[in-house]
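Excluded from the calculations below are hydrogen atoms, water molecules and symmetry mates; all remaining heavy atoms, backbone and side chain alike, are included.
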Amino acid sequence: MLCIYNAIIVNEGSRFVGSVLVEGEIIRKVIAGEGRPAEQCDEWLDAQGCYLIPGVIDDHVHFRDPGLTHKADMATETAAAAAGGVTSFMDMPNCNPQTTTLEALDNKFADAATKCVVNYSFYFGATNNNADMLSQLDKTHVCGVKLFMGASTGNMLVDRMDALRKIFSGAGMLIAVHCEDQQVIRRNTERIREQYGDDPDIRFHPVIRSEEACYQSSSLAVQLAKETGARLHILHVSTARELELFEDKPLSEKRISAEACVSHLCFCDEDYATLGARIKCNPSIKTSADRDALRKALSTNLIDVIATDHAPHLLSEKQGGALKAVSGMPSLQFSLVSMFELVREGVFTVEQLVQKMCHAPAELFQIKNRGYIRPGYQADLVLVNPDKEWVLTSDCIQSKCGWSPMEGRHFHAKVEKTFVNGALVYTDGKVDRSRRGQALTFDR
């Protein structure tokens with residue numbers, strides 16, 4: 001039995017000094033009060049001054065595995081997850097081959113069992129032609145259906161209304177949607193190319209992938225969800241205007257939910273001047289007013305979860321401007337500490353951080369026995385020192401791509417230890433890559 005004591009436990013809207021007892025993979029007891037509890041334990045860990053929170057659950061990552069492993073793979077990116085306090089992830093289907101067949105999905109789960117340091121699940125990718133497969137998905141292990149209602153890789157853009165209606169009506173589980181209107185993007189691209197050439201400066205990326213492109217697509221998704229009763233989750237909301245589409249009420253009362261990503265919470269279009277294509281992502285980083293509106297929504301129920309859209313590329317692939325540089329950035333390892341900076345700035349509270357990054361993803365996806373510090377739950381736990389200033393340098397990056405748009409930033413919180421299913425997988429700057437996570441199970 002392991003006892004983590006003297007921790008500042010942050011869980012279910014409260015914080016208190018106490019102890020957590022872990023036996024094997026399971027949390028056995030949560031005890032309020034300072035000092036060592038009167039329990040028989042084999043190991044004792046004094047967490048004085050540190051927050052103890054549930055492991056972060058990131059519902060939106062791109063690990064590039066299979067087929068694009070020159071820039072990332074499940075082993076390297078789950079090491080980055082563990083180092084950042086992320087104990088569970090849900091991976092997107094636009095790899096190679098795309099996860100748009102049952103065989104590709106099964107192969108991904110089998111591969112994950114041999115590579116992943118943390119817990120895992122995978123989305124099934126919807127296309128214009130595979131809606132009939134949705135009824136065959138194992139809803140106890142597949143996290144959801146991913147739908148691209150905008151430009152994407154290969155044939156994963158779903159742009160036929162008959163196909164959209166079939167997916168919304170027949171998914172039978174959460175539909176996670178990338179919302180950008182392709183016609184608006186195409187029109188903007190042609191206009192900007194005519195004025196500024198074949199590869200306009202990176203500052204035109206949010207002009208091409210504009211607020212209008214996001215809002216038109218998001219509003220269509222909301223309309224379809226209301227018409228069909230589908231469970232809709234709109235990914236990486238990037239504009240203030242889109243917030244009008246959501247309701248400020250508890251997640252348990254919603255059929256339509258919203259995700260904000262670390263990139264849109266930390267950067268704005270002014271940062272293109274210094275970071276260039278390093279912060280190029282889809283949807284684009286937009287204005288400071290959009291960023292600030294998203295931040296403000298964190299203290300309400302307009303935004304339900306915080307994720308990363310972790311999408312690593314080699315720096316050589318990030319060369320160019322608004323059209324030639326690839327879109328996406330690595331952010332998984334430093335998502336939690338980045339959000340602690342917003343806590344420090346008073347944007348939201350540490351209790352709200354835990355709600356958006358730990359509790360809400362578990363509730364939204366109906367994950368079994370994770371996301372909370374409760375007796376009987378899996379011991380996915382993170383110790384964070386909230387008062388340890390450090391500078392992000394490239395030598396601490398676990399992702400295979402080897403860079404971060406956060407390099408050079410000063411942080412005031414640091415992940416000290418990460419436990420996955422009761423096992424210590426990260427401590428003292430090192431990840432135990434011999435550990436293996438588990439496939440997530442969903443109570444559906």
Side-chain angles (χ1 to χ4, degrees), residues 4 7-17 47-61 80-89 118 259-268 271 291-292 294-300 303-310 329-361 371-373 380-393 396-399 404-419 426-429:
I4 304 171
I8 305 167
I9 299 171
V10 185
N11 188 53
E12 302 193 62
S14 66
R15 77 177 96 168
F16 58 93
V17 175
Q48 182 77 42
C50 288
Y51 288 121
L52 181 64
I53 68 172
V56 171
I57 301 171
D58 194 328
D59 75 332
H60 189 171
V61 304
V86 178
T87 58
S88 299
F89 71 88
V118 301
E259 168 197 283
C261 284
V262 169
S263 51
H264 299 106
L265 294 167
C266 289
F267 301 112
C268 70
D271 295 311
R291 180 201 60 196
D292 293 347
L294 294 172
R295 288 182 174 187
K296 185 176 180 181
L298 295 179
S299 61
T300 73
I303 294 292
D304 299 288
V305 301
I306 298 171
T308 60
D309 191 13
H310 175 78
M329 69 184 87
S331 49
L332 186 66
Q333 186 175 344
F334 309 110
S335 60
L336 179 58
V337 294
S338 294
M339 294 302 96
F340 264 98
E341 290 302 300
L342 297 191
V343 171
R344 183 180 176 87
E345 294 171 24
V347 172
F348 64 159
T349 66
V350 67
E351 292 87 353
Q352 289 168 328
L353 179 155
V354 170
Q355 170 64 26
K356 306 293 185 185
M357 300 189 81
C358 312
H359 301 335
Y372 297 86
I373 301 178
D380 297 340
L381 301 166
V382 183
L383 272 176
V384 180
N385 187 330
D387 193 25
K388 191 170 187 177
E389 188 171 359
W390 59 287
V391 179
L392 199 168
T393 52
C396 69
I397 295 172
Q398 297 281 341
S399 290
S404 167
M406 303 284 188
E407 284 177 67
R409 284 202 174 195
H410 288 249
F411 292 94
H412 298 85
K414 192 165 190 177
V415 175
E416 297 285 358
K417 299 181 187 297
T418 302
F419 297 84
Y426 173 78
T427 187
D428 298 326

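Partners of Pro361 under the side-chain contact (heavy atoms from CB on, under 4.5 Å) rule, at least two apart in sequence or in another chain, are Ile57, Val305. With sequence neighbours excluded, no residue forms a side-chain hydrogen bond (donor to acceptor under 3.5 Å, both in side chains) with Lys356. Residues passing the salt bridge (charged side-chain N to carboxylate O under 4.0 Å, His left out) test with Asp309: none are found, sequence neighbours excluded. Judged as a side-chain contact (heavy atoms from CB on, under 4.5 Å), and not counting sequence neighbours, the contacts of Val350 are Val10, Arg15, Tyr51, Phe340, Val343. In this view, Phe348 satisfies the ring-ring contact (aromatic ring centres under 6.0 Å, His included) rule with no residue, not counting sequence neighbours. In this structure Ser399 satisfies the side-chain hydrogen bond (donor to acceptor under 3.5 Å, both in side chains) test together with Glu77, sequence neighbours excluded. Residues that satisfy the salt bridge (charged side-chain N to carboxylate O under 4.0 Å, His left out) test with Glu341, not counting sequence neighbours, are absent from this structure. Partners of Thr308 according to the side-chain hydrogen bond (donor to acceptor under 3.5 Å, both in side chains) rule, which considers only residues two or more places apart in sequence or in another chain, are Asp58. Among residues two or more places apart in sequence or in another chain, the salt bridge (charged side-chain N to carboxylate O under 4.0 Å, His left out) test is passed with Lys296 by none. Remark: Gln355 engages no residue in a side-chain hydrogen bond (donor to acceptor under 3.5 Å, both in side chains) (not counting sequence neighbours). Glu345 pairs by the salt bridge (charged side-chain N to carboxylate O under 4.0 Å, His left out) definition with Arg295, not counting sequence neighbours. Partners of His264 according to the ring-ring contact (aromatic ring centres under 6.0 Å, His included) rule, which considers only residues two or more places apart in sequence or in another chain, do not exist here.
Taking the side chain as every heavy atom from C-beta outward, Met339 and Cys266 approach each other to under 4.5 Å. Between Val86 and Val118 there is no side-chain heavy-atom pair separated by less than 4.5 Å. Put simply, the side chain of Tyr372 reaches to within 4.5 Å of the side chain of His359, judged on heavy atoms.
No donor-acceptor pair under 3.5 Å is formed between the side chain of His410 and the backbone N or O of Glu389. Checking side-chain atoms of Asp380 against main-chain N and O of Thr87 turns up no donor-acceptor pair under 3.5 Å. In this structure, the side chain of Gln333 engages the main chain of Gln398 through a donor-acceptor pair within 3.5 Å. Side chain of His310 to main chain of Leu332: a donor-acceptor pair is present (N/O by atom type, distance under 3.5 Å, no hydrogens or angles).
In this structure, CD on Glu416 lies 5.5 Å from SG on Cys50, to the nearest 0.5 angstrom. Here Leu52 contributes atom CG and Ile373 contributes atom CD1; the two are 4.5 Å apart, rounded to the nearest 0.5 Å. Of the inter-residue distances, the one linking Ile8 atom CD1 with Ile53 atom CD1 reads 12.0 Å to the nearest 0.5 angstrom. Leu342 contributes atom CG, which lies 11.5 Å from atom CD of Gln352 (distance to the nearest 0.5 angstrom). Note that CG of Leu353 is 9.0 Å distant from CG of Leu298, once rounded to the nearest 0.5 Å. In this structure, the separation between CZ on Phe411 and CG on Leu336 is 10.5 Å, given to the nearest 0.5 Å.
Between Phe334 and Trp390, the ring planes lie tilted relative to each other; the angle falls in the 30° to 60° range.
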With side chain to side chain contact (heavy atoms under 4.5 Å, CB included) as the test, would you mind laying out the steps for Met406 and Val262 before giving the verdict? CA-CA 11 Å; Met406 303 284 188; Val262 169; 4.1 Å; yes
